[in-house]
2 protein chains.
Amino acid sequence: MSLRHGLLGLLAEGPASGYDLSRRFQEVLGALWPAQHPKIYAELGRMVDGGLIDIDSHGPRGRKAYRITEAGRAEVRRWLTQVDVDHTVRLEALLRSYFFWLMEPDDLARHLAREAEFYTEQAAIYRAYAERKDAGEFGSTPQVQSMRITIEGGVRVYEALAEWARWAATYKLPAAADGGAPEDGTANSDDG
Amino acid sequence: MSLRHGLLGLLAEGPASGYDLSRRFQEVLGALWPAQHPKIYAELGRMVDGGLIDIDSHGPRGRKAYRITEAGRAEVRRWLTQVDVDHTVRLEALLRSYFFWLMEPDDLARHLAREAEFYTEQAAIYRAYAERKDAGEFGSTPQVQSMRITIEGGVRVYEALAEWARWAATYKLPAAADGGAPEDGTANSDDG
DNA sequence: ACGGGCATGTAAGCGGTTACATGATTCG
DNA sequence: CGAATCATGTAACCGCTTACATGCCCGT
């Protein structure tokens, strides 16, 4: 249940409304940790009930700003230091790659080209963000330092995937063109 | 709903039981696309109803092997060529990094060290797998070629994360102590 | 006055995890 | 004979997404 802790972490910087939090999640974390507004509003309600946050102020258009409590601060710190990282990743692109052998070579080539393009673009978005940060556009508070690290992670992961897609294009296609016939025959049983 | 297509893809290699599929998902895809057995059995049931697979044979201990049908083959090919890739990623490690500023410097250092270790280990597991493959241990069928690409993706993603964690350790801590540029060499003018 | 963005929510449904439950077979 | 592993499932619950629904306020 990390959305809760993500919200608490953002609120640790200062009061914000559900709408604000939704936007901030989108900005940097959007491609790394998606969070839709219904989930956010629901979670905020639950956290008020649990005493982790409370309502700071009411604004125009029914706006409600939330403020983190001491219990909330303690909870986000507990999460950061005590709770094991959930290392689950779920990359559909890599799942698909397991089944590339079912695709026609030129469908596959097109697919990999599009994939490479997508990841390259994502990496560029993050890199541009990093450059704006390094140019001092956001100041140099501890929060911004942390954000810089997150962004760097985005750059590196997307660059890795972009390079992977380009590598895959050169790996698979020659195998389909030039011989490389399956002369093995014995292979079939599972276990490796 | 990619679990369905993953199962179909594996069944395209030949008949298998739910238990087999569960194990095969674990092996290579375990860290890239988790799939628990209850979900697998449920999905197999639904796919039989939908005519994408049917029961191939009954074995000992109530074992049921499933065989892909023509409709199933068509469906997995449709998925591979027609359906847009779901590019959603969800990396808790990067979400957390956004809140590093809330951590004590030595908690953070310990955290990043453990993270680096974990990702390095994962990368090593995949790299070892890749080497066994490249040594010809699994033959060189098209399926194995595809698997090789998946593995390469695993290596690259985990290596990227490992390097990121190591970079982060050199980036953040000098800022807390007394300045000094990160090894990476990229500009960070506003860095303390 | 009106359109776009601010702002908050509800409800249905899906996909996934965890815990529970059971039994057969093989191997030592 | 007992333990490990094979093998299949159900049920409860959780987290998340999508679609639906509403209304206000600001700028032009």
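Owing to the predicted nature of the structure, the values given are computational and were not obtained by experimental measurement.
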Write down the distance between [atom1] ([X]) and [atom2] ([N]), rounded to a whole number of angstrom.
X: B:Asp86; N: C:dC14; atom1: CG; atom2: P; value: 17 Å
X: B:Asp20; N: D:dT5; atom1: CG; atom2: P; value: 17 Å
X: B:Lys64; N: C:dG23; atom1: NZ; atom2: C1'; value: 14 Å
X: B:His37; N: C:dA21; atom1: NE2; atom2: P; value: 14 Å
X: B:Arg4; N: C:dG15; atom1: CZ; atom2: P; value: 9 Å
X: A:Glu92; N: C:dG15; atom1: CD; atom2: C1'; value: 13 Å
X: B:Leu44; N: D:dA7; atom1: CG; atom2: C1'; value: 13 Å
X: A:Glu43; N: C:dT10; atom1: CD; atom2: C1'; value: 16 Å

Which of the following nucleotides, [options], is nearest to the side chain of [X]?
X: A:Pro38; options: C:dT10, C:dA19, D:dT8; value: C:dT10
X: B:Tyr66; options: D:dT5, D:dG9, C:dG9; value: D:dG9
X: A:Trp33; options: D:dC16, D:dA7, C:dT8; value: D:dC16

Walking DNA chain D from its 5' end, the first of B:Pro60 and A:Pro34 to be reached, judged by nearest nucleotide, is B:Pro60
With a distance cut-off below 6.0 Å to the six-membered ring centre and an angular limit of 45° from the axis, does A:Arg96 pair with B:Trp33 as a cation-pi contact?
->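 Output no; distance or angle outside limits.
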Give a yes/no verdict on a cation-pi contact between B:Arg156 and A:Trp164, requiring under 6.0 Å between NZ or CZ and the six-membered ring centre and an angle within 45° of the axis.
->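 Verdict for A:Trp164: no cation-pi partner in B:Arg156.
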Residue mapping more 5' on DNA chain C - nearest nucleotide basis, B:Arg61 or A:Arg90 |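 The 5'-side residue here is A:Arg90.
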Which residue lies toward the 5' end of DNA chain C, A:Ala65 or B:Arg46, if each is placed at its nearest nucleotide?
-> A:Ala65
Does [N] have OP1 or OP2 sitting under 4.0 Å from an N or O in the side chain of [X]?
X: A:Tyr41; N: C:dG9; result: no
X: B:Tyr19; N: D:dC6; result: yes
X: B:Lys39; N: C:dT18; result: no

Could B:Arg127 and B:Glu159 be called an ion pair, given the rule that one side-chain N must be under 4.0 Å from one carboxylate O?
-> yes
Identify whether any heavy atom of A:Ser17 sits under 4.0 Å from a base atom; if not, whether one sits that close to sugar-phosphate; answer base, sugar-phosphate or nothing.
-> sugar-phosphate
Is the A:Phe100-A:His111 ring centre distance short of 6.0 angstrom?
-> yes
Using only heavy-atom distances, determine whether the side chains of A:Glu115 and B:His87 contain a donor-acceptor pair under 3.5 Å.
-> yes
